Structure formats: C-alpha cells, structure tokens
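As the structure is a prediction and not an experimental result, all values here were calculated from the model.
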Amino acid sequence: MTADAVLNALRPVLDGLAATFGPNCEVVLHDYRRRDASVIAVAGQVTERAVGGAMSEIGLGLLARGKNAEDQLNYVTRTATGRLVKSSTMLLRDEAGEVFGALCVNVDITELRHTAVLLGELSALDAIPDDTTTFTNDVTELVRAVVQAEELKLGRPVDRLSRAERLELFRALDERGVFGLQKAMPEVAAALGISRASAYSYLTEIRKSGEN
C-alpha cells in the first residue's frame with residue numbers, strides 16, 4: 001500500500017475519532033513529505049491547526065530520528081494560550097520502515113484537571129508541565145519558537161552567545177530537525193542576527209564534527 005493510499009484511507013477516520021472524544025478533541029493527519037505544510041486534514045479544533053499548516057517541534061524531532069523514531073503517546077504540553085493538551089502522535093511508515101506521516105490526537109484536558117479527583121485516571125498526570133509546544137500553521141513562527149526554546153536552555157540572549165554556544169545551538173536545532181524545513185536557514189539566520197553564509201557555515205561545521 002503506497003503512502004498516498006494510506007493517507008487517503010485515514011482521512012475519513014479523523015471525523016469519527018474527533019466525534020468519539022467530543023468537542024475537546026482534535027485529530028490531525030500529517031504528510032511529512034511536505035514538511036513546510038504537512039497538515040493535510042484536520043477534524044475538531046483544539047490547537048487551531050489548519051490544512052496547509054507546518055509541522056510541530058515534536059514532529060520535526062521524530063522525523064529527524066528516521067527509522068529509530070517511535071510513537072509518542074500520552075504526552076502533555078501547553079498551547080500558546082495556556083490550554084493543557086494531552087496528545088498522541090502515531091507514526092505512519094512505508095514498506096521500508098521510513099516515516100512518511102503521522103496521525104495525531106490532541107485532547108484539551110484543561111477542565112479535566114479541575115476535576116482531577118474524579119477523572120484522575122483519564123488525565124493520568126502527576127504534574128502539570130511547564131513546556132509550551134508551538135502549534136502553528138506558519139513555518140516562520142515554528143522556526144523562531146524552536147530557536148527561542150533553545151535560547152532559553154542556554155540562558156543567554158542570542159546576541160551574546162559565544163561561537164561555541166552558537167555551534168551548540170545549531171547542533172540542537174539540527175537534532176530537532178529544524179533544517180529539514182525549506183525556509184529554516186534564512187529564518188534561523190534572521191532570528192540570530194547573522195548572515196545566511198554564517199548560518200550555513202555553522203551548520204556545515206557541526207555536521208562535519210558529528211561525522212568524526
């Protein structure tokens with residue numbers, strides 16, 4: 001069964017899944033062969049995803065792992081508006097085992113947390129995470145959100161990073177699959193306030209060092 005056939009077969013499933021879980025559920029179908037616009041179908045509305053939208057950081061990271069990628073089930077994040085979302089990302093593979101897409105289920109459990117005593121088993125959370133995942137339909141916003149997240153980990157603004165710290169930043173972005181997006185390099189360069197030539201130079205250097 002071809003990748004296109006699998007994706008087409010799953011399209012009608014989305015509405016059924018979303019209806020089963022109710023208005024707080026969103027189901028998203030991704031075609032990872034189109035990283036900059038991977039969302040090809042959406043049912044329900046939780047993260048404001050829309051057809052033609054870009055991948056999330058989670059999708060980028062999974063795709064970067066290639067055949068070693070595994071389904072991500074029941075992880076919890078916050079949206080940019082502060083809603084608590086419980087999600088599962090189920091990967092789609094071709095006959096060779098290569099990941100070409102994903103079926104994602106997002107359930108807004110914000111209100112469930114308010115009734116944790118009664119519904120604790122369903123929400124299944126020990127603590128509310130501080131991480132925020134960017135759900136966006138714009139590649140520029142996605143790239144800049146990932147850059148900002150890595151900047152926070154370094155604990156210094158990008159205009160004060162040493163050369164070694166910039167290399168560390170580029171390595172982290174590469175591991176998260178950012179440079180698989182067509183528009184990534186100019187957006188990363190703009191976010192860091194450096195030229196595209198410098199950005200390409202950093203990327204080349206960290207990839208060469210990874211081969212040693």
Side-chain angles (χ1 to χ4, degrees), residues 3 6-7 9-32 35 38-51 53-94 97-137 141-142 145-146 148-150 152-153 172 175-178 180:
V6 172
L7 292 170
L10 285 173
R11 284 177 183 271
V13 175
L14 271 64
D15 288 328
L17 287 174
T20 298
F21 288 99
N24 289 328
C25 177
E26 169 190 272
V27 187
V28 184
L29 184 62
H30 288 273
D31 181 350
Y32 285 166
R35 302 187 187 194
S38 69
V39 179
I40 61 172
V42 180
Q45 192 56 256
V46 171
T47 64
E48 300 184 358
R49 302 297 264 150
V51 172
M55 298 171 65
S56 69
E57 297 105 308
I58 293 170
L60 284 173
L62 289 171
L63 199 55
R65 296 172 200 162
K67 290 185 177 181
N68 294 323
E70 298 179 350
D71 293 347
Q72 300 296 298
L73 306 177
N74 296 324
Y75 57 89
V76 182
T77 58
R78 285 188 185 275
T79 67
T81 58
R83 305 298 291 180
L84 196 64
V85 178
K86 184 174 183 179
S87 305
S88 287
T89 298
M90 292 149 284
L91 299 173
L92 305 175
R93 300 177 185 271
D94 59 22
E98 297 290 346
V99 175
F100 67 82
L103 181 67
C104 301
V105 179
N106 302 312
V107 180
D108 186 336
I109 59 171
T110 307
E111 302 306 324
L112 289 179
R113 288 297 295 171
H114 297 161
T115 56
V117 173
L118 297 177
L119 299 172
E121 184 176 353
L122 176 60
S123 57
L125 301 176
D126 295 323
I128 298 176
D130 294 325
D131 293 341
T132 297
T133 292
T134 301
F135 294 102
T136 178
N137 296 309
E141 291 181 7
L142 172 59
V146 177
Q148 289 173 2
E150 292 300 330
L152 288 174
K153 290 180 182 179
E175 289 175 351
R176 294 180 69 166
V178 168

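Not counting sequence neighbours, Asn24 has no partner by the side-chain hydrogen bond (donor to acceptor under 3.5 Å, both in side chains) test. By the salt bridge (Lys or Arg N to Asp or Glu O under 4.0 Å) test, Glu98 is found to be paired with Lys67, residues two or more places apart in sequence or in another chain being considered. Listed by chain and number, the residues in a side-chain hydrogen bond (donor to acceptor under 3.5 Å, both in side chains) with Arg35 amount to none (sequence neighbours excluded). In this structure Arg83 satisfies the salt bridge (Lys or Arg N to Asp or Glu O under 4.0 Å) test together with Asp108, Glu111, sequence neighbours excluded. When the side chain to side chain contact (heavy atoms under 4.5 Å, CB included) test is applied to Glu175, the partners found at least two apart in sequence or on another chain are Arg171. Legend: residues meeting ring-ring contact (aromatic ring centres under 6.0 Å, His included) with Phe100, ordered by chain and number and at least two apart, are absent.
Among Leu14, Thr89, Val28, Val6, the one residue that satisfies the side chain to side chain contact (heavy atoms under 4.5 Å, CB included) test with Leu103 is Leu14.
Panel note: side chain Ser87, backbone Tyr75; no donor-acceptor pair is recorded below 3.5 Å. Without hydrogens or angle criteria, Gln72 side chain to Glu70 main chain gives a donor-acceptor distance under 3.5 Å. No donor-acceptor distance shorter than 3.5 angstrom exists from the side chain of Arg11 to the backbone of Leu29, with no hydrogens or angles considered.
For the atom pair OG1 of Thr20 and CG of Asp15, the computed distance is 10.5 Å after rounding to the nearest 0.5 Å.
For the pair Ala69 and Leu91, the tightest heavy-atom approach, listed with the atom from each and the gap, is CB-CD1, 3.7 Å.
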Item to complete: Would you check, one step at a time, whether the test side-chain contact (heavy atoms from CB on, under 4.5 Å) holds for Val105 with Cys25?
Response: CA-CA 7 Å; Val105 179; Cys25 177; 4.0 Å; yes
